Amino acid sequence: MSLRSLYGNIILDHYKNPRNMGELPEADVVVEARNPLCGDELTLYLKLDDNQRLAEVKFTGVGCAISQASASMMTVAVQGLPKEEAEELIQLFKQMVMGEAELDAEAEARLGDLVSLEGVSQLHNRVKCATLAWNALQEGLEEFARGGSRAELVEKAD
Amino acid sequence: MSLRSLYGNIILDHYKNPRNMGELPEADVVVEARNPLCGDELTLYLKLDDNQRLAEVKFTGVGCAISQASASMMTVAVQGLPKEEAEELIQLFKQMVMGEAELDAEAEARLGDLVSLEGVSQLHNRVKCATLAWNALQEGLEEFARGGSRAELVEKAD
Amino acid sequence: MGMSMPMPKGSSELEQAAEQEAAGECSWRRDFPIFNQPYRDGIPLTYLDSAATTQKPQVVIDALSDFYSHTYATVHRGAYELSSQVTDRFDQVRAKLAQFLGAPDERAIVFTRNATEAINLVAYAWGLDNLSPGDNVVLTIMEHHSNIIPWQLMAHYRGIELRYVEIDQQGELKLDQLAELIDEHTRLVGVTHVSNVLGTVNPLPEIGRLVRECSDALILFDGAQAAPHLPVNLTELEFDFYVLSAHKMLGPTGIGALISRSELLEKMQPFNGGGSMIERVELDTATWAELPYKFEAGTPHIAGVIGWGAALDYLTQVGMERVLDHELALTDYALARLSQVPGIRIFGQGQKMRLGVISFELAGIHPHDIATILDHHGVCIRAGHHCAQLLMKFLGVPATSRASFYLYNGRDDVDRLVNALMEAVEIFR
Amino acid sequence: MGMSMPMPKGSSELEQAAEQEAAGECSWRRDFPIFNQPYRDGIPLTYLDSAATTQKPQVVIDALSDFYSHTYATVHRGAYELSSQVTDRFDQVRAKLAQFLGAPDERAIVFTRNATEAINLVAYAWGLDNLSPGDNVVLTIMEHHSNIIPWQLMAHYRGIELRYVEIDQQGELKLDQLAELIDEHTRLVGVTHVSNVLGTVNPLPEIGRLVRECSDALILFDGAQAAPHLPVNLTELEFDFYVLSAHKMLGPTGIGALISRSELLEKMQPFNGGGSMIERVELDTATWAELPYKFEAGTPHIAGVIGWGAALDYLTQVGMERVLDHELALTDYALARLSQVPGIRIFGQGQKMRLGVISFELAGIHPHDIATILDHHGVCIRAGHHCAQLLMKFLGVPATSRASFYLYNGRDDVDRLVNALMEAVEIFR
Ligand SMILES: Cc1ncc(COP(=O)(O)O)c(C=O)c1O
Ligand SMILES: Cc1ncc(COP(=O)(O)O)c(C=O)c1O
């Protein structure tokens, strides 16, 4: 993996111009996630519509290019998805960055721009940066299912 | 050094038949000495006459052959000696077992039977056994000089 | 930067070893460089002090050298590959240890300096907050000082009472007395798995059940003399704390572990405070890192952990059942041969199960003189109180001589021990 | 059984080294096997994380192997020659350390796991008995967590108050504020000798005098970042406790020390309880072994001590003045070259004296991204809070990047660092 492919245009673009950044006062669920080892902190706001689709997803926080770009791309990718599809995408994305899956054409199509984060799978110590927002999303969907509205997530060392 | 020379007849004789063993109720000074590493315990009783000679020296206690024989031989060697000469003998004996002095004919003569403990100088971890009684004697003479009558001595690791 | 770790020998070699074993030799010994050289004046080293500390096989020594030479870095906090690799290897050893001991909960495995520190961790981190005057802690008369003094310190700080279970003629714990000593104020029961003086293997399953039945007391088992010598399966035991030391099981010095339960450790204060064990630090307070890091303050003994991993691999390759069989056979042989020595008295005999730690006295010969005479023949034993002064007092002796075995010992070692003892008897006749 | 310990190179080789040094190379590097191999993909290892832990020279690695292979036994309690020899070597290292640090009192040198444990020893063994509500402990905002959390734990157990001295723009302690914070309830003042983030060398002589003048507070200096890098002469300092770690000064992991004064240690409770630290044990109480053994419970990290001895020999052979000169020159060079990197901000500059620990941020690039890009070029630096969250908060940053040097680093390392940073800037442009 070359550096330029990890820190490629897509990632840097999302890092410098994060999409859907900001608070969402009318959110159904708010998740505060952090990774104590890095100091990365991220707040994820989820609004679901009556059909359990992700009507709106926003985030705030500080972190490295990988965690910020991952969060930004995620908000774009899941916006409008039904809950189940979002959950599938979470699994697919995590498998990719943890190096647990070969991506076939269909998977690549579903991931779209997110494929630009594939290089993270080569960097053991950056995987958690890439997954922070996704774990927060998962936690948020679970909290929503439980009927709650606030959740906290602290990444564990492994 | 052969084993038989360390555990020679003189040492074993003093170990099995310790001289001057027992309490001395009329002692001027009593010293309780012990070596916590070995568990050796020895009580030394000193009586000095008006000329500061060691009129009587006795001991009680438990310990290994080397410490017991050393104590027994010491009581014999210093009995009747003037304080200063006893102090000289203490130094000479300690130099011998610590391997710090070559013994000339005069020294050997002064040490007499005690020369049988010379082999201890080859056994780093037994030196303290041989010196316990002698350190107690030194402590006792110092206590006497200070006007006291009881002293305690705990051997230090080095 | 590869991680080439020499492997213990293959199983066909192991079988061959077993045959030679049967013939009275010990072929594992060849894996230990210290035995491949003369000890002194051309005589071989007869090392019979493994209850104090064990010799190291080449694979452990090499693991340390390789680590320091090729892949050294710190753990947990590195932002670079080298450090990530080390972190992975470090935590893999935790997993290995969990497997070796049948410990169900990896997060509840805390690396410490040694068994002693592991017990102190419990005494301080649990005891300071949970013990108060009127409480008692029940120990046994055969505990090593490391399972006595920490509780005496808690007696100083928290005013608790200490109670001791005694032993019978065979050198076994009086379990009925244990049941009597425990009452509603008993907060912890601490028992050694194997005695470092008598070799007695205490019946932990029975003790665990007994304590659970009659109290809410926590249970601490001291595995320092057990884990090196017999298969341990913690899943089958009722316990709260189990402690051990790497250096007594072929591993490096300076590393040991506390095995516990996460729910319990979560509720405890940390022990040492410092780097790695915090999550967030404010001026007056901090929040703690997740388990087990909460209890591992400061830069850990990384090489010690890596080396312990190599030792666990070696022992696993040999197989703990075989280690135990070897030792039981050797102990039988030793007890039989030792009984021929005139004037000998062996402490603790006839236990239901005992390991290769044999304490004895010879009539009229002080243990230190025995040790000196034996050392002259290259036979290294221990003379003293073996950090068990309470037991010495109970046995009515100031000190004993102790010979202890491990997998690298063979009958030849026992023979040399007995011959040297015969000479001691001869000299002191 | 000889003790063949490879010696550091002779002085003529050292002079040659000095010449190459002047030419910008670093010849001591050759003594460290990790640098004699490619790091990854054929690129060399540019190790700039010595403030976390240092690489090991061959002499230290060999000392460990030789010890385990040829003369291994336990200390203090052996009844045989082998163990006596080890005990001698063990205590010789104590003497060496005393000499290295100019510590007047060998009996007050206690071996610990690391600097962190040494501070915890003080907090527990002195603090539990001597601190009470209303008392305060004065620290600095630049302390490592290891000199903060133990005192927070004492705040938990003993209700004391913690006070922090701040730093000025240059990254130096505000000594006037220190004087103000100390009052008649101040029981201890804890200050790091060298900051592990800013490189600042704190003026210990002045601080020592100041504390002694205005209070009876004890003085603890954290030497973890100092002892490896500059000549320390404790005889000239007013202090009560000085702590350090071997692994930060070429030595093995798992070993460190507390340096104190005998009168003080005599009056303290022990910390860990267990074997070796007692004299006599009764059922309810014990008497403690003499210093320093009173504080060294259980089987110590014997190999760690032996290895530390080899590291001290190596550093002594090189000469701590030379180590310091080398580092000061390299730091000057690094500060000059780094200042050319666009958007860089270096934390703490213009101190009266500073060592080769350089923390910085690059505008718009997160420290972890910097570390990843650098690692790609074989440049290992640290990104994070460096166990100094209070200082991070004070500086107003969540994390910094940190490059730190030691005697094996040369200008080539700095050049590679700067080049890699330039690429990071390029990528994130
Ligand atoms: C200033 C300072 N103090 C204390 C420590 C703690 O050292 P250790 O982790 O070896 O205990 C460190 C290093 O991490 C440090 O930089
Ligand atoms: C039964 C028992 N417990 C605890 C210990 C203490 O082990 P360590 O000194 O490694 O902490 C020992 C060994 O000395 C022991 O035999």
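Just so it is clear: chains get the letters A, B, ... in the order the sequence lines come, proteins before strands, and each one is counted from 1. The structure displayed is predicted, hence computed values, not measured ones.
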Backbone N or O of [Y] within a donor-acceptor pair of the [X] side chain at under 3.5 Å?
X	Y	value
C/Gln152	D/Glu282	yes
C/Gln55	D/Tyr72	yes
D/Lys393	C/Leu283	no
D/Asn272	C/Asn120	no
D/Thr253	C/Ala303	yes

Where does [X] contact chain C at under 4.5 Å (heavy atoms): side chain, backbone, both or neither?
X	value
D/Met392	neither
D/Leu121	neither
D/Ala155	neither
D/Pro270	both
D/Leu153	side chain

Please state whether the side chain, the backbone, both or neither of C/Ile302 comes within less than 4.5 Å of a heavy atom of chain D. both
Measuring from atom [atom1] of [X] to atom [atom2] of [Y], what distance do you get when rounded to the nearest 0.5 angstrom?
X	Y	atom1	atom2	answer
C/Asp284	D/Trp151	CG	CH2	15.0 Å
D/Ser65	C/Lys56	OG	NZ	13.5 Å
C/Asp62	D/Tyr68	CG	OH	13.0 Å
C/His70	D/Ile61	NE2	CD1	8.0 Å

Apply the test side chain to side chain donor-acceptor pair (under 3.5 Å) to residues D/His156 and C/Asp129: give CA-CA distance (whole Å), side-chain angles for both, the deciding distance (0.1 Å), then the verdict. CA-CA 10 Å; D/His156 167 79; C/Asp129 270 353; 3.1 Å; yes
Among C/Gly304, C/Ala371, C/Ser69, C/Pro150, who wins on heavy-atom pairs under 4.5 Å with chain D? C/Ser69
Who wins among C/His368, C/Met277, C/Arg280 for the most heavy-atom pairs under 4.5 Å with chain D? C/Arg280
Determine the interplanar angle of the C/Tyr47 and D/Tyr80 rings, folded into 0 to 90°, and report it as parallel if under 30°, tilted if 30 to 60°, perpendicular if over 60°. perpendicular
D/Phe271 ring center near C/Phe271 ring center (under 6.0 Å): yes
